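Computed from a predicted model, the values in this text were never measured in an experiment. A note on names: the letters A, B, ... follow the listed sequences, proteins ahead of strands, and every chain is numbered from 1.
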Number of protein chains: 2
Amino acid sequence: MPSSSPNSPRARFLELGEPERALWLDPAEAEFVAHGFERASLNRIIASAGESKGRTYHYFSGKGALFDATLERRLEPLAGLMFTPEALADIDPAGFWKALATLSARLTERFQQDATLAALVRTLHREKAAQEAVSDKLAGFRARIEGVLAAGRSVGAVRDDLPLSMLADVALDVLISVDRWFARHADSLPDGDEAALSQRAFSLLMTPLLPQSKNEGPLS
Amino acid sequence: MPSSSPNSPRARFLELGEPERALWLDPAEAEFVAHGFERASLNRIIASAGESKGRTYHYFSGKGALFDATLERRLEPLAGLMFTPEALADIDPAGFWKALATLSARLTERFQQDATLAALVRTLHREKAAQEAVSDKLAGFRARIEGVLAAGRSVGAVRDDLPLSMLADVALDVLISVDRWFARHADSLPDGDEAALSQRAFSLLMTPLLPQSKNEGPLS
DNA sequence: GACAGTTTTAGACCAGCGGTCTAATTCCGT
DNA sequence: ACGGAATTAGACCGCTGGTCTAAAACTGTC
């Protein structure tokens with residue numbers, strides 16, 4: 001289902017063959033990975049692709065659309081990793097969190113393997129303009145998180161004393177926060193520690209979402 | 001203690017009188033609040049201040065320094081709200097979290113009262129370039145958080161199975177996340193709900209930091 | 001008061017930005 | 001071979017943050 005976002009590549013572009021699409025997407029990816037979104041120069045991408053402004057704007061409505069297409073190419077192969085909210089319908093709380101831990105581990109693994117994907121996605125963490133450029137994708141992802149949490153709530157795995165949208169916000173931001181920590185400290189981490197640490201860090205995501213009756217802590 | 005950051009205003013500027021400082025800071029604040037950091041136009045600020053490029057660059061090394069000075073003016077009155085790590089030295093876990101909850105409530109209140117301060121700080125949430133412009137301030141704030149968490153750890157209020165820097169990152173990002181949620185939903189919130197909700201939301205910050213022995217949850 | 005040296009000031013200027021637009025060219029159905 | 005549509009090149013636009021020159025204002029010394 002093609003998005004009607006103003007930042008999608010024009011339909012024409014998708015009709016091009018893969019090698020011709022790569023003509024733009026390869027230099028664009030390199031530029032975005034190297035400089036992020038705002039600091040990336042569209043003129044440089046065009047020059048590096050050996051293309052002209054006219055042709056480029058014929059296929060893309062602007063810099064944002066090029067970023068969208070660049071990200072899309074890397075995101076597409078990941079679609080299979082996500083599970084649907086329906087798969088979580090009949091499950092007990094322990095199973096729910098187990099499934100989420102598994103998904104989290106899989107995504108972590110993918111990010112470690114694909115540094116380019118990781119760099120592109122991390123651009124989204126950092127730059128508001130980049131988020132706006134792919135706001136459709138982002139809204140879809142946010143909706144999926146909220147769907148998963150709603151499913152978790154319906155089986156008693158997720159607290160219901162705070163708005164779901166707040167929980168989804170926090171969940172997403174904790175994910176980002178932990179990912180960023182690992183990205184920043186990956187080099188100085190002894191081999192093997194990373195996996196163990198990553199597993200323990202999952203509790204940073206889980207505990208704030210748990211029903212607070214199960215999670216009293218030292219405060220009344 | 002003046003910072004040696006390349007983005008501080010030059011010493012000359014601080015020697016100017018308050019009304020003359022406001023000549024730049026008022027238009028700058030308006031521009032940054034309206035457009036954020038990157039989208040703010042230095043040329044517009046200068047024109048709006050009725051100043052010249054030369055004079056402006058005489059007092060500020062660039063746009064970042066102007067942003068720094070703008071933020072500093074709003075942040076200065078808040079210094080008294082923070083407590084020192086030492087004040088947390090001899091305290092039990094319940095007291096530690098109580099003190100943090102109080103601080104959090106105070107800061108929340110301030111943000112509600114001072115919309116300009118809130119908008120400026122939220123620029124920091126969103127724009128990496130803005131963060132870089134005041135990296136000194138940010139590093140100091142991060143260090144204070146880590147200090148507070150270290151104090152909490154020494155009295156058994158904070159978990160020690162994950163690196164302190166990771167906990168500090170997550171704590172800061174959860175703070176930001178929750179603040180952003182309230183900023184986004186403040187309008188559609190019934191009066192009075194906000195305070196209660198905000199109090200409950202504090203658990204989003206606390207629970208991931210608690211020792212996990214006190215916080216087993218449904219997963220082994 | 002005259003001069004010299006420093007500090008302050010104005011604003012022209014720079015390269016580069018994302019995006020628009022015109023005009024030439026290529027393509028394609030008839 | 002023609003005509004209209006799709007495609008393409010790149011000049012051009014207003015704007016950006018930042019640099020630089022040269023004039024003006026200020027300061028201390030005779």
Side-chain angles (χ1 to χ4, degrees), chain A residues 5-17 19-21 23-24 27-28 30-32 34-70 123 127-135, chain B residues 5-17 19-21 23-24 27-28 30-32 34-70 123 127-135:
Chain A
S5 158
N7 279 325
S8 300
R10 302 189 197 281
R12 304 194 255 289
F13 177 71
L14 302 174
E15 291 161 9
L16 256 41
E20 203 157 2
R21 286 201 300 269
L23 210 78
W24 279 275
E31 178 81 8
F32 288 130
H35 304 290
F37 178 69
E38 298 221 86
R39 287 175 153 89
S41 162
L42 182 56
N43 289 336
R44 261 197 312 258
I45 293 171
I46 293 171
S48 163
E51 286 295 342
S52 72
K53 266 249 171 102
R55 198 155 122 88
T56 300
Y57 271 83
H58 185 64
Y59 288 116
F60 302 95
S61 61
K63 196 191 190 180
L66 195 45
F67 182 68
D68 182 280
T70 303
T123 294
E127 300 185 42
K128 197 192 176 197
Q131 291 164 21
E132 283 165 0
V134 295
S135 55
Chain B
S5 159
N7 280 325
S8 300
R10 302 189 197 281
R12 307 193 250 289
F13 177 71
L14 302 175
E15 290 160 12
L16 258 41
E20 202 158 3
R21 287 202 297 270
L23 210 78
W24 278 276
E31 177 82 7
F32 288 130
H35 303 291
F37 177 69
E38 296 220 88
R39 287 177 155 89
S41 163
L42 181 56
N43 290 336
R44 251 186 333 244
I45 293 171
I46 293 171
S48 162
E51 286 295 339
S52 73
K53 265 243 169 110
R55 197 154 125 88
T56 300
Y57 271 84
H58 185 65
Y59 287 116
F60 301 94
S61 61
K63 195 190 190 182
L66 195 46
F67 181 68
D68 183 281
T70 303
T123 294
E127 299 186 41
K128 198 192 175 196
Q131 291 164 22
E132 282 164 1
V134 294
S135 55

Exercise. How close do A/Phe60 and A/Ala69 get, heavy atom to heavy atom, and via which atoms?
Worked result: CE2-CB, 3.9 Å
Problem set entry | Whether A/Lys128 side chain and B/Thr123 backbone form a donor-acceptor pair below 3.5 Å | no
Problem set entry | Set of residues satisfying salt bridge (charged side-chain N to carboxylate O under 4.0 Å, His left out) with respect to A/Glu51, sequence neighbours excluded | A/Arg55
Exercise. Rounded to the nearest 0.5 Å, what separation is found between the OH atom of B/Tyr59 and the CG atom of B/Leu23?
Worked result: 10.5 Å
Seminar exercise, completed: Contacts of A/Glu38 meeting salt bridge (charged side-chain N to carboxylate O under 4.0 Å, His left out) (sequence neighbours excluded), chain-then-number -> none
Problem set entry | Interatomic distance, A/His35 NE2 vs C/dG18 P [rounded to whole Å] | 11 Å
Exercise. Residues two or more places apart in sequence or in another chain: which of them pass salt bridge (charged side-chain N to carboxylate O under 4.0 Å, His left out) with B/Glu31?
Worked result: B/Arg44
Exercise. Excluding sequence neighbours, so at least two apart, what forms side-chain hydrogen bond (donor to acceptor under 3.5 Å, both in side chains) with B/His58?
Worked result: B/Arg12
Any protein N or O atoms within reach of nucleotides 25-28 of chain C? Criterion: under 3.5 Å, listing atom names and distances.
none

For this session: Would you please name every residue forming a salt bridge (charged side-chain N to carboxylate O under 4.0 Å, His left out) with B/Lys53, sequence neighbours left out?
Result: none
Seminar exercise, completed: Rounding to 0.5 Å, atoms CG (B/Leu66) and CZ (B/Phe13) come to a distance of 7.5 Å
For this session: Produce a footprint string for nucleotides 8-24 of chain D: one letter per nucleotide, 5' end first; B if the base is under 4.0 Å from any protein heavy atom, S if only the sugar-phosphate is, - if neither.
Result: BBB-----SBBB-----
Exercise. Excluding sequence neighbours, so at least two apart, what forms side chain to side chain contact (heavy atoms under 4.5 Å, CB included) with B/Ser48?
Worked result: B/Pro27
For this session: Please round to 10 degrees the angle between the axis of the first five pairs and the axis of the last five pairs in the helix from C/dG1-D/dC30 to C/dT30-D/dA1.
Result: 10°
For this session: Please report, rounded to the nearest Å, how far the P atom of C/dT20 is from the CD1 atom of A/Ile46.
Result: 12 Å
Exercise. Rounded to whole angstroms, how far apart are CD1 on A/Ile45 and C1' on C/dG16?
Worked result: 15 Å
